Amino acid sequence: MKRIGVLTSGGDAPGMNAAVRSVVRSACGFGLEVVGIRRGYAGLLAEEFVELGPRSVANILHRGGTMLGTARCEEMKLPEGLKKGAESLRTASIDGLVAIGGDGTFRGAQALAEITDIHIVGVPGTIDNDVYGTDYTIGFDTAVNTAVEAIDRIRDTAEAHQRLFFVEVMGRTRGFIALDVGIACGAEDVLVPEVRTNLDDLCANIQSQFAGGKRASIVVVAEGDDAGHAFEVGNKVGGRLHMDYRVCVIGHVQRGGAPSARDRLLSSKLGAGAVKVLAEGRTGVMVGEVAGHVVETPLNLTWSRQKELNVEMLQLMKTLAR
Ligand code: ATP
């Protein structure tokens with residue numbers, strides 16, 4: 001192993017820069033050269049390479065987004081695209097690749113590993129936290145903190161006007177963000193895709209909470225909840241209860257901003273862990289953190305196994321929302 005590539009792919013997540021920095025500087029410690037690949041697999045196919053050394057990654061640890069850029073690239077899912085990707089890696093004399101992204105990125109990485117002899121390792125970078133093999137993904141903690149800060153502000157105005165709010169957070173298929181945000185901001189209810197939403201129960205909860213003296217109600221809605229987006233849920237609940245309500249979609253604000261200290265730590269550990277895997281000659285794994293330890297999980301398990309949402313925490317949220 002002489003020369004490794006690093007790319008960020010899929011949705012951007014705060015902490016990706018910190019992970020790239022860690023990869024580059026750790027590689028330096030092993031005497032490895034590093035090539036940055038711009039715009040994920042799209043940049044790989046277009047051979048958009050940039051040589052990276054310790055100084056090229058100065059002053060990025062605290063920045064959101066990704067200095068390498070990211071992209072979604074449909075061509076990579078086709079055999080011709082994959083072949084082109086493999087040729088690009090060979091052209092740049094890359095013999096190891098660190099792919100930072102979510103499960104889609106890992107599928108691409110695994111597909112490349114199957115048609116080349118290039119060693120490949122994944123680093124989980126996605127705000128959704130929906131990757132098996134790691135307790136947390138890079139960007140999740142920052143996204144949760146950003147949403148909590150926004151909802152704290154919403155609570156001020158909701159209490160002042162004695163209002164019902166439906167706040168939508170990201171999570172097209174999973175409720176990890178919604179659940180943690182809901183508990184951290186003292187939400188009155190949380191709707192997640194993993195648990196069927198019963199609108200009768202939701203309406204009854206809201207009514208009894210106001211009747212019990214609450215001055216405001218904040219319902220956190222994961223964007224992929226089975227009852228619909230926050231606007232739809234608000235419309236249905238507001239109509240049934242004949243109550244005025246407001247909707248706030250936090251949206252892409254959750255993706256941006258400086259990574260939290262926790263995300264910087266995770267990125268630093270996992271970037272270094274990925275380089276160690278390559279330097280020691282292993283391939284086809286994702287490095288994650290489980291119970292504080294850096295662990296390796298075969299790439300194919302990261303998407304074929306489902307990471308469970310902690311339903312006990314949902315119960316805790318309900319207990320504390322009395
Ligand atoms: P996020 O969770 O933030 O959305 P992700 O990595 O899951 O991140 P995707 O858009 O699903 O994001 O995947 C990123 C890219 O990985 C895709 O645009 C595509 O280029 C590549 N990819 C996804 N699935 C495959 C596949 N089955 N084969 C080859 N490449 C794939």
Side-chain angles (χ1 to χ4, degrees), residues 6-26 34 36-40 50 52-72 98-102 105 122-131 134-156 167-171 174 176-185 220 222-223 248-275 287-289 292 294:
V6 57
L7 58 77
T8 52
S9 155
D12 60 306
M16 279 182 160
N17 276 327
V20 171
R21 170 181 177 271
S22 175
V23 167
V24 172
R25 293 191 173 171
S26 303
V34 185
I37 300 161
R38 296 196 197 277
R39 298 193 305 113
V50 53
L52 296 177
R55 294 281 65 74
S56 354
V57 290
N59 216 19
I60 63 166
L61 173 67
H62 60 297
R63 302 210 171 174
T66 157
M67 67 167 279
L68 290 175
T70 183
R72 306 211 192 248
V98 180
I100 306 170
T105 299
V123 172
T126 166
I127 63 166
D128 295 328
N129 201 27
D130 58 349
V131 177
T134 188
D135 289 342
Y136 295 106
T137 55
I138 292 166
F140 173 72
D141 183 65
T142 307
V144 167
N145 277 294
T146 303
V148 167
E149 193 188 323
I151 296 177
D152 286 348
R153 288 164 197 263
I154 289 169
R155 186 165 293 279
D156 289 345
V167 183
E168 184 175 303
V169 296
M170 283 191 169
R174 305 302 311 269
F176 292 104
I177 294 179
L179 181 55
D180 276 20
V181 166
I183 292 171
C185 73
V220 175
E223 63 183 325
C248 179
V249 177
I250 302 183
H252 282 76
V253 171
Q254 286 157 102
R255 283 200 182 279
S260 65
R262 202 157 275 286
D263 271 328
R264 295 181 204 190
L265 282 165
L266 184 65
S267 304
S268 301
K269 271 175 142 180
L270 299 188
V275 172
V287 288
E289 188 187 61
V294 175

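No experiment lies behind these values; they were computed from the predicted model shown.
- At least one donor-acceptor pair under 3.5 Å links the side chain of R25 to the backbone N or O of P54.
- With hydrogens and angles left out, the side-chain atoms of S260 and D141 include a donor and acceptor closer than 3.5 Å.
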Note to self: As a quick check of understanding, evaluate side-chain contact (heavy atoms from CB on, under 4.5 Å) for M170 and I127, giving each step before the final call.
What the structure shows: CA-CA 9 Å; M170 283 191 169; I127 63 166; 3.6 Å; yes
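- Scanning for salt bridge (Lys or Arg N to Asp or Glu O under 4.0 Å) contacts around E289 gives K269, with sequence neighbours left out.
- Distance alone, capped at 3.5 Å, is enough to place a donor-acceptor pair between the S22 side chain and the S268 backbone.
- Judged by distance alone, the side chain of S9 and the main-chain N or O of T70 form no donor-acceptor pair under 3.5 Å.
- Minimum interatomic distance between S267 and I138 (heavy atoms only, all atoms of both residues): OG-CG2, 3.3 Å.
- Taking CG of D130 as the reference point, atom OG1 of T126 lies at 5.0 Å (rounded to 0.5 Å).
- For the residue pair G36 and L68, the shortest heavy atom distance occurs at CA-CD2, 3.9 Å.
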Subject >> From CA spacing to verdict: side-chain contact (heavy atoms from CB on, under 4.5 Å), T8, M16 >> reply: CA-CA 7 Å; T8 52; M16 279 182 160; 3.9 Å; yes
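- In this structure, N145 CG and R262 CZ are separated by 9.5 Å, a value rounded to the nearest 0.5 Å.
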| Stepwise, does the side-chain contact (heavy atoms from CB on, under 4.5 Å) test hold for I177 with F140? | CA-CA 7 Å; I177 294 179; F140 173 72; 3.8 Å; yes
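- Panel note: side chain D263, backbone G139; a donor-acceptor pair is recorded below 3.5 Å.
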Please step through side-chain contact (heavy atoms from CB on, under 4.5 Å) for the pair I37 and V6, ending with a clear verdict.
CA-CA 6 Å; I37 300 161; V6 57; over 6 Å; no
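- I154 has its side chain within reach of V167: a pair of non-hydrogen atoms, C-beta onward, lies under 4.5 Å apart.
- In this structure, S26 contributes its side chain and V23 its backbone to no donor-acceptor pair below 3.5 Å.
- Across every non-hydrogen atom of C185 and R155, the tightest pair is O-NH2, 3.6 Å.
- Rounding to the nearest 0.5 Å places CG of N129 at 7.0 Å from OH of Y136.
- Between the side chain of T66 and the backbone N or O of D12, no donor-acceptor pair lies under 3.5 Å.
- How far CG of N17 is from CZ of R264: 11.0 Å, rounded to the nearest 0.5 Å.
- Between A274 and V123, the shortest heavy-atom contact is CB-CG2, 3.6 Å.
- The CZ atom of R174 sits 11.0 Å away from the CG atom of L179 when rounded to the nearest 0.5 Å.
- Qualifying side-chain contact (heavy atoms from CB on, under 4.5 Å) partners for A71, counting only residues two or more places apart in sequence or in other chains: R39, A42.
- Looking at every heavy atom in both residues, V20 comes nearest to M67 through CG1-SD, 4.4 Å.
- Rounded to the nearest 0.5 angstrom, I250 CD1 and E149 CD are separated by 10.0 Å.
- Shortest non-hydrogen contact noted between P124 and V287 is CD-O, 3.0 Å.
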